[in-house]
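Treat the numbers as computed from the prediction; the structure is a model and nothing was measured. We name chains A, B, ... by the order of the sequence lines, and we start the count at 1 in each one.
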Amino acid sequence: MRLFDTLSRTERELRPIDGTTFRFYCCGPTVYGPAHIGNFRTFVLQDVLRRSLETGGTRTLHVRNITDVDDKTIRDSQKAGQSLTEFTAGWTEKFHADCEKLGLLPPHIEPGAVEHIPQQIVMIQTLIDKGNAYASDDGSVYFKISSFLGYGRLSHLDQRELDLGKTQNTRASSDEYEKDSLSDFVLWKARRPEDGENFWPSPWGEGRPGWHLECSAMIQEYLGDSFDLHSGGVDLIFPHHENEIAQSQCACGGHFAAHWFHITHLLVDGGKMSKSLGNLYTIEDLAAKGFTPMEVRYVLIGAHYRKPLNFTLDSLSGAREALAKLAKGARQLAAKSDPDSRLTSAGFGPFQAAWDSLTNDLNTPGALGGIFTGLREASQLTGTEASAALAGLNRVLRALGLTLPEAADLDSVEIPAAIQALAATRWQARLAKNWAESDTLRAQLAEQGWLMKDGKDSYTLEPAAS
RNA sequence: GGCGGAGUAGCCAAGUGGUAAGGCAAUGGUUUGCAAAACCGUCAUUCGAGGGUUCGAUUCCCUCCUCCGCCUCCA
């Protein structure tokens with residue numbers, strides 16, 4: 001498996017440092033509302049990476065945090081009149097439900113920030129002891145950027161640009177003047193009145209942890225000083241991941257992440273998604289429009305992770321047709337394969353190209369194309385060859401996390417008596433070659449959501465596509 | 001201003017120094033009373049614009065145009 005690394009800006013082979021398990025960390029959601037499809041693009045691609053590694057025979061250890069304390073969670077919990085714990089628990093539950101619908105494998109470990117405050121305090125103290133951090137008069141603690149020479153390597157910002165940033169950015173929060181340098185970032189935020197009940201004791205006074213430090217402490221706890229890969233959306237490159245590197249390398253002394261995997265933002269209708277434009281979709285929003293989570297997943301993996309993805313409702317409709325076509329192809333292949341075949345072919349057969357795309361910098365759209373092409377080739381196969389091809393197809397589908405829709409089971413659909421009566425009337429009219437009435441009745445059925453298909457000697461009724 | 005990314009058919013979207021995957025939509029045919037479904041086909045001499053390198057460039061280089069992201073707590 002080859003993957004582009006943000007830090008070195010090269011494609012590199014992914015191999016577990018410890019030779020057995022590929023250990024990686026993903027920045028998880030801040031649970032103050034429902035996650036939207038932009039968030040899920042990142043999580044879905046991370047899921048495909050994990051599934052691909054596992055399909056390729058590599059064991060994984062997947063850690064993804066829940067950010068359950070920050071300005072937004074505190075602010076919105078107060079608005080909702082709930083405790084922070086209560087508030088974030090609700091949204092965490094919602095997030096998990098969405099993840100399951102999208103077919104995301106649950107991380108092996110999912111730490112929350114609040115329950116790791118002791119570890120965070122220890123790390124901050126270490127940074128102070130080593131001279132990489134300092135407490136200000138108000139009880140906040142800041143990281144001293146000038147103490148870490150590697151600062152800016154990930155985001156390719158040098159000192160001059162960091163200085164430029166501070167002159168261009170004049171927004172001043174209440175505690176900013178406490179810093180030695182405007183570029184220094186906060187590790188521990190002193191308690192403020194608007195925090196309400198949300199503060200914790202520390203050697204520097206009551207307060208709460210800074211966002212960047214939460215991740216560093218949880219990584220240290222579960223993955224140690226050095227691990228295989230760190231991932232998130234491109235917006236996290238600076239400052240979040242840059243700051244994590246500084247904190248962790250200074251406090252722990254290890255190499256931190258060996259590989260950086262960043263997923264590009266998606267666009268909606270060609271532009272940035274925003275609430276005010278009404279194009280910020282959640283899984284629930286799309287379900288209300290009749291789209292399934294698997295259709296959403298298909299669209300999200302339909303573009304390469306390093307390119308912008310233009311999300312549209314039309315592309316979701318296209319995904320439905322494409323998934324149906326895939327499902328049909330898979331069924332036809334299954335029908336022709338040898339049911340007694342115990343062939344456990346390790347290969348991918350006609351789907352080798354699809355798999356190769358996936359292992360080549362996680363080219364998911366290339367893999368989807370390879371599946372359709374493979375299906376065409378596989379249609380010539382029968383018996384054990386078809387079985388082997390089917391096994392290869394299923395392997396690629398599993399790596400992509402795609403679950404294909406079942407064939408519509410018409411027998412299981414309840415048809416209301418009134419609809420059945422209407423259909424029977426129409427069938428008689430049709431047999432009598434009364435085309436006008438026949439067409440009128442068919443239109444009536446359609447209005448009520450039923451599609452009547454005429455066969456030679458009989459007809460079928462099925463719910464019209466939504 | 002700095003850093004980074006993108007411009008490929010109506011739409012979504014791969015890819016490559018050697019002549020453009022795939023999906024959706026559209027469309028022709030078979031079938032059907034007409035449809036639907038199904039099946040068989042068609043669908044970019046061309047890859048934002050202009051130069052350059054090359055036997056050959058969409059792919060490398062230069063210039064320009066357009067769009068997008070980040071520049072201190074947004075996936």
- If you look at every strand shown and take non-hydrogen atoms under 4.0 Å, does A:Ile371 touch a base, only sugar-phosphate, or nothing? nothing
- Item | Between C1' of B:rA37 and NZ of A:Lys456, the distance in whole Å | 15 Å
- Map A:Tyr32 and A:Phe311 onto RNA chain B by nearest heavy atom, then report which one ends up closer to the 5' terminus. A:Phe311
- Task: Indicate whether OP1 or OP2 belonging to B:rC74 is found under 4.0 Å from a side-chain N or O atom of A:Asn39.
- Result: no
- Query: Touch check for A:Arg75, heavy atoms < 4.0 angstrom, all strands: base, sugar-phosphate only, or nothing?
  - Reply: nothing
Distances under 3.5 Å between protein N/O atoms and the N/O atoms of nucleotides 22-25 of chain B, please, pair by pair.
from	atom 1	to	atom 2	distance (Å)
B:rG23	OP1	A:Lys325	NZ	3.1
B:rG23	OP1	A:Arg376	NH2	3.2

- Item | Side chain of A:Trp211 - closest among B:rC71, B:rC73, B:rG33 | B:rC73
- OP1 or OP2 of B:rC12 sitting under 4.0 Å from any side-chain N/O of A:Asn310? yes
- Task: Sort out for me which residue in A:Leu362, A:Leu104, A:Thr55 forms a side-chain contact (heavy atoms from CB on, under 4.5 Å) with A:Val48.
- Result: A:Leu362
- Touch class at under 4.0 angstrom, heavy-atom based, for A:His304 against every strand present: sugar-phosphate
- Task: Using both distances under 3.5 Å as the test, list the Watson-Crick or G-U wobble partner of B:rU46, or none.
- Result: none
- Interatomic distance at C1', B:rC47 relative to B:rC40, whole Å: 30 Å
- Inter-nucleotide C1' distance (B:rU53, B:rU72), Å rounded: 44 Å
- Query: Rounded to the Å, how far apart are A:Leu266 CG and B:rA75 P?
  - Reply: 13 Å
- Query: Between the side chain of A:Thr373 and the main-chain N/O of A:Gly369, is any donor-acceptor distance below 3.5 Å?
  - Reply: yes
- CG of A:Asp457 versus P of B:rG33: gap in Å, rounded? 12 Å
- Compare the minimum distances between each of B:rC34, B:rC39, B:rA13 and the side chain of A:Pro365, then state the nucleotide with the smallest one. B:rA13
- Query: Ignoring hydrogens and angles, are the base of B:rC34 and the side chain of A:Asp454 linked by a donor-acceptor pair under 3.5 Å?
  - Reply: yes
- Message: Does B:rA38 have OP1 or OP2 under 4.0 Å away from a side-chain N or O of A:Lys453?
- Response: no
- In whole angstrom, give the distance that lies between atom CG of A:Asp71 and atom P of B:rC74. 8 Å
- Hey, is the side chain of A:Arg442 pairing donor to acceptor with the base of B:rA35 inside 3.5 Å? yes
- Note on the structure: Pairing partner of B:rC60, by Watson-Crick or G-U wobble and under 3.5 Å for both distances, is B:rG52
- Quantified in whole Å, what is the C1' atom distance between nucleotide B:rA9 and nucleotide B:rU42? 14 Å
- A:Asp47 and its salt bridge (Lys or Arg N to Asp or Glu O under 4.0 Å) partner, picked from A:Arg297, A:Arg398, A:Arg64: A:Arg297
- Taking the six-membered ring for Trp and the full ring for Phe, Tyr or His, determine whether the centres of A:Phe95 and A:Phe43 are under 6.0 Å apart. yes
- Query: If you count the non-hydrogen atoms of other residues, nucleotides and ligands that lie under 6.0 Å from CZ in A:Arg153, is the total more than 12?
  - Reply: no
- Message: Students often get this wrong, so: under 4.0 angstrom with heavy atoms, is A:Leu267 touching a base, only sugar-phosphate, or nothing?
- Response: sugar-phosphate
- Separation between the C1' atoms of B:rU8 and B:rA49, rounded to whole Å: 15 Å
- Lys/Arg-Asp/Glu bridge criterion (N-O < 4.0 Å) met for A:Arg192, A:Asp138: no
- Query: Does any nucleotide pair with B:rA20 by Watson-Crick or G-U wobble geometry, both distances under 3.5 Å, and what is it?
  - Reply: none
- Item | Spacing of the C1' atoms in B:rC39 and B:rU31 (rounded, Å) | 9 Å
- Query: When the distance from CD1 of A:Ile237 to C1' of B:rG2 is rounded to whole Å, what number comes out?
  - Reply: 15 Å
- Task: Under 4.0 Å from any atom of RNA chain B, heavy atoms only: list the residues of residues 101-113 of chain A that qualify, in numerical order.
- Result: none
- Query: Counting only side-chain N and O atoms of A:Lys307, is one of them less than 4.0 Å from OP1 or OP2 of B:rA14?
  - Reply: yes
- Task: Pick base, sugar-phosphate or nothing for A:Gly232, based on heavy-atom distances below 4.0 Å to the nucleic acid.
- Result: sugar-phosphate
- Query: Between B:rA75 atom C1' and A:Phe238 atom CZ, what is the distance in whole Å?
  - Reply: 18 Å
- Using atom C1' of each nucleotide, how far apart are B:rC12 and B:rG28 to the nearest Å? 24 Å
- When all nucleic acid strands are considered with a 4.0 Å heavy-atom cut-off, which category describes A:Asp439: base, sugar-phosphate, or nothing? base
- Separation of B:rG5 C1' from A:Phe4 CZ (nearest whole Å): 11 Å
- Item | Check: B:rA75 base within 3.5 Å donor-acceptor of A:His265 side chain | yes
- NA contact type, A:Pro308, heavy-atom cut-off 4.0 Å: base, sugar-phosphate, or nothing? sugar-phosphate
- Item | Least distance between heavy atoms, A:Leu368 atom then A:Leu400 atom | CD2-CD1, 3.9 Å
- Have a look at A:Arg9 and say if it touches a base, only the backbone sugar-phosphate, or nothing, with a 4.0 Å heavy-atom cut-off. sugar-phosphate
- Expressed as a whole number of Å, how far does the P atom of B:rG51 sit from that of B:rG41? 41 Å
- Quick check: are there more than 12 heavy atoms from other residues, nucleotides or ligands sitting under 6.0 Å from CD of A:Glu206? yes
- Between B:rG29 and B:rC34, how far apart are the P atoms? Round to whole Å, please. 13 Å
- Note on the structure: When A:Tyr305 and A:Pro239 are each assigned the nearest nucleotide of RNA chain B, the 5'-most assignment goes to A:Tyr305
- Identified side-chain hydrogen bond (donor to acceptor under 3.5 Å, both in side chains) partner of A:Tyr305 from the options A:Asp361, A:Thr42, A:Thr364: A:Asp361
- Query: Do the two ring centres, one from A:Tyr222 and one from A:Phe227, sit under 6.0 Å apart?
  - Reply: no
- Query: What do you reckon, is CG of A:Leu431 surrounded by more than 12 foreign heavy atoms closer than 6.0 Å?
  - Reply: yes
- Query: When rounded to the nearest 0.5 angstrom, what distance separates CZ in A:Arg208 from CH2 in A:Trp200?
  - Reply: 8.0 Å
- In whole Å, what is the span from the CD atom of A:Glu242 to the P atom of B:rG4? 13 Å
- Donor-acceptor contact below 3.5 Å, side chain A:Asn279 vs main chain A:Met273: no
- Query: Can you tell me the Watson-Crick or wobble partner of B:rC70, both distances under 3.5 angstrom?
  - Reply: B:rG2
- The Watson-Crick or G-U wobble partner of B:rG41, with both key distances under 3.5 Å, is B:rU27
